[in-house]
Amino acid sequence: MHPFEKAVAANWPPHSWSDCTVMVAVSGGADSVALLRSLAAIRESGPGRLIAVHVDHNLRKESDTDAQFVAQLAQQLGIEGILGRVDFELSGPDGIEAAARSARYGFLRTFAMDHGARYVVTAHTADDQIETVLHRILRGTSLAGLSGIPRARELELGISLLRPMLSIRRSEVEAYLADLGQTFRHDETNDESRFFRNRLRNDLLPLLRDAYLPQVDQSLLRLAIGAAECREYVETQASQLLDVCLMRETDESVTLDAKKLGTAPPFLAKEACVLLWKQHAWPRQSMSREKWEALWTLITGDSPAPFELPGGIRAEKKGEQLTLTPLE
Ligand SMILES: Nc1ncnc2c1ncn2[C@@H]1O[C@H](COP(=O)(O)OP(=O)(O)OP(=O)(O)O)[C@@H](O)[C@H]1O
């Protein structure tokens, strides 16, 4: 077994998924091609299936070729391939990248349910983790943001989203594909310096490593792990607080006990609100610090006026009751 496959197998032992349907999200880029190849190599015989899923976002002129590449690769490996195509104009309050991501996870969720998949796996690497954490630090973030990309999360009841390559470096991916002689698709927008994320990957991180902080990658990875541990604890506490404060929850609105929420430690109260936003899939990216502060003032203030939050969420306080109503 190739050392790369050994590393993937150590992160996600094949016997634990040999009788499950596993959907592999394959963009056609190096990372996800390596993930598909390694899972195909290490899978154990059993009733389980591997399915390669590609989502064509229709954003790049090479989109069709990417889809064909993934379909061919799946065929060569004797793996079923599925294509999801975004036929609509991608847009949203959080930008086109976020809209594409949300459409992608929408397809993955639907396909996973349709095919009875137990796992959906993506090819995020340690380098994605390092870039994500640094990007968030520079842009401004929370404890949850500092913990970076989670290794696992529930996509839907009974369907887990896993990242078995999160501890593996991109250089290991490249070496593996070179050893296999396996080609992959190159996303040219990754090289363009106009996107801050790309400048961080291509300019800032190399500068930090070479000139000042050779250990920057390990420091950021350790920070993510430590923050994830703290976050787990805080989320449990926040979830308990939300349960205690929840007065009414219908399809139309959510009412919370503003007094209980307002007398909890502010940090925890805010985490409880974030959790509520997550549970209702209300847009969080456009909830800036000022918006959270405004919500906090409404929760703790004496006679604040109702107002609208991003995503058309009306926040109104009557007496000790805070009611959040999505208007759309
Ligand atoms: N078009 C696609 N079709 C299927 N899977 C994809 C596609 N694009 C990305 N993925 C999956 O998502 C992983 C991460 O890709 P990328 O880093 O480009 O996305 P991201 O938007 O930054 O991540 P995330 O979706 O978690 O926020 C890839 O390794 C791959 O597994």
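The basis for the numbers below is simple: all heavy atoms, side chains too, and nothing from hydrogens, waters or symmetry mates. Atoms within a ligand are numbered from 1 in the order they appear, just like the ligands themselves.
Counting heavy atoms from C-beta on, the side chains of Leu261 and Cys273 come closer than 4.5 Å. The closest side-chain heavy-atom distance from Leu204 to Arg199 is not below 4.5 Å.
Contact shell of ligand 1 (protein heavy atoms, cutoff 4.0 Å): Ala25, Val26, Ser27, Ser32, Val53, His54, Val55, His57, Arg101, Arg104, Tyr105, Thr122, Ala123, His124, Arg163.
Between Trp282 and Trp277, the angle of the ring planes goes over 60°, which puts this pair in the perpendicular group of the 30/60° scheme.
Taking a cutoff of 4.0 Å between a charged side-chain nitrogen and a carboxylate oxygen, Asp128 and Arg201 do not qualify as a salt bridge.
Leu146 and Ile130 end up in the same hydrophobic cluster when Ile, Leu, Val, Met, Phe, Trp and Tyr side chains are linked at under 4.5 Å.
Both tests do not hold together for Arg170 against Phe4: distance to the six-membered ring centre under 6.0 Å, angle to the ring axis within 45°.
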